[in-house]
Amino acid sequence: MKHFKTIAIFSYPAEYAVLQLLFDQEEIRYFFQNETMISVFPFYSNAIGGIRLQVHVEDIAQAEEIIKNLDHPSNLKIV
């Protein structure tokens with residue numbers, strides 16, 4: 001795992017569900033560290049440092065761009 005770097009930390013799995021889908025579509029190499037532990041014991045999230053998004057170093061720029069685009073949604077509106 002030395003070729004992976006933490007680029008984001010989440011408290012609960014629901015916070016990154018859409019992000020996971022987008023990464024899969026773009027074939028970005030990633031994994032979520034501590035995901036299983038927090039799924040079983042959700043109140044341990046702060047104690048173990050949250051769910052860490054680990055991305056392969058070659059995919060970091062693309063992953064950060066996707067995260068940035070999530071912060072600035074498009075002009076599409078739900079009606």
Side-chain angles (χ1 to χ4, degrees):
M1 294 300 151
K2 64 182 178 179
H3 299 293
F4 286 79
K5 181 180 174 189
T6 301
I7 65 166
I9 299 174
F10 302 94
S11 296
Y12 302 104
E15 295 174 337
Y16 57 81
V18 172
L19 185 63
Q20 195 170 14
L21 175 67
L22 294 172
F23 281 3
D24 288 342
Q25 287 177 343
E26 295 297 324
E27 297 180 357
I28 293 176
R29 294 167 285 183
Y30 72 96
F31 71 95
F32 290 98
Q33 186 179 22
N34 301 332
E35 180 179 28
T36 304
M37 177 64 116
I38 293 173
S39 293
V40 175
F41 301 108
F43 298 111
Y44 284 14
S45 183
N46 289 336
I48 61 175
I51 301 169
R52 299 174 183 274
L53 171 57
Q54 301 274 315
V55 177
H56 194 275
V57 292
E58 295 175 0
D59 297 329
I60 288 176
Q62 187 178 7
E64 288 176 341
E65 184 67 26
I66 290 172
I67 291 171
K68 184 177 127 186
N69 288 338
L70 283 178
D71 288 338
H72 300 88
S74 68
N75 293 327
L76 297 176
K77 303 289 182 204
I78 297 174
V79 291

Checklist entry - In terms of the angle between their ring planes, are Phe4 and His56 parallel, tilted or perpendicular, with boundaries placed at 30° and 60°? => result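 Ring orientation, 0 to 90° scale: perpendicular.
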
Checklist entry - Does CD belonging to Glu27 count more than 12 external heavy atoms closer than 6.0 Å? => result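 No, the 6.0 Å shell around CD holds no more than 12 heavy atoms from other groups.
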
Checklist entry - If you look at every heavy atom in Ile7 and Ala63, which pair is closest and at what distance? => result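 So the minimum-distance heavy-atom pair works out to CD1-CB, 3.8 Å.
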
Next on the checklist: Using every non-hydrogen atom in the two residues, find where Ser11 and Ile51 come nearest and quote the distance to one decimal.
Outcome noted: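 In this case the closest contact between Ser11 and Ile51 is O-CD1, 4.2 Å.
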
Next on the checklist: Between Asp24 and Tyr30, is the side chain to side chain donor-acceptor pair (under 3.5 Å) condition met? List the steps.
Outcome noted: CA-CA 9 Å; Asp24 288 342; Tyr30 72 96; 2.7 Å; yes

I'd like to know if [Y] and [X] are part of one continuous hydrophobic network [Ile/Leu/Val/Met/Phe/Trp/Tyr, side-chain heavy atoms within less than 4.5 Å].
X	Y	answer
Val40	Tyr44	yes
Ile9	Val57	no
Tyr12	Phe32	no

Checklist entry - Does Glu58 pair with Arg29 as a salt bridge, N-O distance under 4.0 Å? => result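 Between Arg29 and Glu58 there is a salt bridge, with a charged N closer than 4.0 Å to a carboxylate O.
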
Next on the checklist: Checking the side chain of Asp59 only, and the main-chain atoms of Ile28 only, is there a donor and an acceptor separated by less than 3.5 Å?
Outcome noted: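 Flag not set: sc Asp59 to bb Ile28 has no pair under 3.5 Å.
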
Checklist entry - Judged by atom type as modelled, is there a donor-acceptor pair below 3.5 Å linking the side chain of Ser45 to the main-chain atoms of Ile38? => result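 No; judged by distance alone, with no hydrogens or angles, the pair does not exist.
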
Next on the checklist: Suppose we screen for side chain to side chain donor-acceptor pair (under 3.5 Å). Which residues come up paired with Glu26, at least two apart in sequence or across chains?
Outcome noted: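 Per chain and number, Glu26 pairs via side chain to side chain donor-acceptor pair (under 3.5 Å) with Gln62.
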
Checklist entry - Hey, what do you get for CZ (Arg52) to OG1 (Thr6), rounding to the nearest 0.5 Å? => result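 So the gap between those two atoms works out to 5.5 Å.
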
Next on the checklist: Consider side chain to side chain contact (heavy atoms under 4.5 Å, CB included). Of Phe10, Phe31, Tyr16, which one does Leu53 pass it with?
Outcome noted: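 Running side chain to side chain contact (heavy atoms under 4.5 Å, CB included) over Phe10, Phe31, Tyr16 with Leu53 returns exactly one hit, Phe10.
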
